[in-house]
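The structure appears right after this line, and notes come after that.
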Protein chains: 2
Amino acid sequence: MALDSDPTELLREAALRVTRPRLAVLTAVHSHPHADTDAIIRATREELPDVSHQAVYDVLRALTDAGLLRRIQPAGSVARYEARVGDNHHHVVCRSCGAIEDVDCAVGAAPCLHPSDQHGFAVDEAEVVYWGLCPACSAASPEPATTSRG
Amino acid sequence: MALDSDPTELLREAALRVTRPRLAVLTAVHSHPHADTDAIIRATREELPDVSHQAVYDVLRALTDAGLLRRIQPAGSVARYEARVGDNHHHVVCRSCGAIEDVDCAVGAAPCLHPSDQHGFAVDEAEVVYWGLCPACSAASPEPATTSRG
DNA sequence: AGTGAATCTTGACCGATTCAAAATCATTCG
DNA sequence: CGAATGATTTTGAATCGGTCAAGATTCACT
């Protein structure tokens with residue numbers, strides 16, 4: 001997770017060709033964490049106006065497969081990407097506006113990685129999504145106490 | 001959840017009109033946990049051959065909103081539904097074939113519901129998805145030890 | 001049985017993502 | 001340095017899950 005300032009080197013280390021679209025996408029995701037594909041396309045085009053949407057899709061997949069990006073997709077949302085990889089962090093998602101924030105593991109390095117019954121599955125990752133309302137939305141909706149799930 | 005055997009009563013309790021499509025969908029989801037919409041449509045049509053796909057979509061939403069069904073959507077998957085509601089259980093998902101199994105909470109009623117930093121969010125639910133390989137798929141892919149995330 | 005309101009049918013529509021073929025570019029080797 | 005090679009990008013269209021809308025039908029309650 002080093003060398004944030006040198007995307008070229010990141011690509012080289014991942015044995016990926018260093019192309020203009022890849023650099024632009026990598027930079028765009030770095031500066032727009034949790035952005036969806038459309039936002040990434042727009043951000044990428046600020047630096048490289050003529051990239052095709054297809055190129056961005058391809059690059060996002062290549063970088064995700066290479067471990068340079070992480071793809072997240074809360075239920076009901078389109079795919080989003082972030083450049084923070086290699087650690088085990090989770091996300092809080094606002095049910096109302098869809099805002100996403102990072103959340104570090106509550107307990108040590110990998111909490112919840114041991115389900116009570118794995119049904120024989122070889123589990124290698126526990127993904128946690130905290131659902132709720134962001135400060136802005138919870139201030140906007142004066143909902144008393146009707147919702148309570150845990 | 002009580003009264004699994006009386007879908008009519010379940011609908012009544014939820015203040016929903018008792019219609020043929022709703023009964024058929026409810027029954028279909030009960031007997032096909034974690035099925036996607038298309039599978040539910042086909043299962044529903046075994047009992048009620050002429051339901052439209054639109055009706056099934058509408059019913060699924062109505063029943064989900066009423067709390068009779070729960071919608072789950074692991075990243076990269078289409079929407080799936082299950083009739084087990086009201087408890088806090090999670091899922092293991094096979095990365096290879098997409099198989100889903102239920103997982104009870106590892107610790108008490110609501111583990112992981114307290115992120116280290118909520119960023120001011122009013123969190124009301126922690127959703128956990130365990131990713132891995134199901135028994136069949138892990139037997140089929142003799143992958144040594146290349147993947148390790150936690 | 002009558003009535004209003006909710007539900008279902010039909011068919012078009014949408015946005016996110018993928019597919020496919022041809023053109024272009026980054027890297028390697030002479 | 002310049003050409004060869006194969007990956008990458010462009011272009012354009014297709015697919016797929018899901019939604020929208022209008023009219024016909026069905027249901028719950030009186």
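Order of the sequence lines fixes the chain letters, A, B, ..., with proteins taken first and strands second; residue numbering starts at 1 for each chain. Below, all heavy atoms of this structure are taken into account, side chains as well, without hydrogens, waters or symmetry copies.
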Just the rounded figure in Å: distance from [atom2] of [N] to [atom1] of [X].
X       : N      : atom1 : atom2 : answer
B/Asp65 : C/dA6  : CG    : P     : 15 Å
B/Tyr57 : C/dT7  : OH    : C1'   : 18 Å
B/Asp38 : D/dT15 : CG    : P     : 17 Å
A/Leu48 : D/dT8  : CG    : P     : 16 Å
A/Arg12 : C/dT28 : CZ    : C1'   : 13 Å
A/Leu60 : C/dA16 : CG    : P     : 14 Å
B/Ile41 : D/dT19 : CD1   : P     : 11 Å
A/Leu16 : D/dT9  : CG    : C1'   : 15 Å

Applying a 4.0 Å non-hydrogen cut-off, can you work out what [X] is touching in the nucleic acid: base, sugar-phosphate, or nothing?
X       : result
B/Ser52 : base
A/Ala62 : nothing
A/Asp50 : sugar-phosphate
A/Asp58 : base

Grab the two heavy atoms, one from [X] and one from [Y], that are nearest each other, plus how far apart they are.
X        : Y        : answer
B/His34  : B/Arg80  : O-NH1, 2.7 Å
A/Arg95  : B/Asp124 : NH2-OD1, 2.6 Å
B/Phe121 : A/Cys94  : CE2-N, 3.6 Å

Whether [X] contacts [N] is assessed here as follows: a side-chain N or O lying under 4.0 Å from the phosphate OP1 or OP2. Is that the case?
X       : N      : answer
B/Arg17 : C/dC8  : no
A/Thr37 : C/dT17 : yes
A/Arg20 : C/dC25 : no

Can you identify which nucleotide, out of [options], has its nearest atom closest to the [X] side chain?
X       : options                : value
B/His53 : C/dT27, D/dT19, D/dT11 : D/dT19
A/Val51 : C/dC8, D/dG18, D/dT10  : D/dT10
B/Gln54 : D/dA21, C/dC19, D/dT9  : D/dA21

>> Checking the side chain of B/Ser77 only, and the main-chain atoms of B/Gln73 only, is there a donor and an acceptor separated by less than 3.5 Å?
In response: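 A pair under 3.5 Å: no.
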> Is any side-chain N of the basic residue among B/Asp65 and B/Arg61 closer than 4.0 Å to the acidic one's carboxylate O?
Replying inline: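 Salt bridge: no.
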>> Here's a test of your reading of the structure: between B/Gln73 and B/Val18, which maps to the more 5' nucleotide of DNA chain D?
In response: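 The answer here is B/Gln73.
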> Which residue lies toward the 5' end of DNA chain D, B/Thr19 or A/Pro21, if each is placed at its nearest nucleotide?
Replying inline: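 Mapping each residue to its closest nucleotide by heavy atoms, the 5'-most match is A/Pro21.
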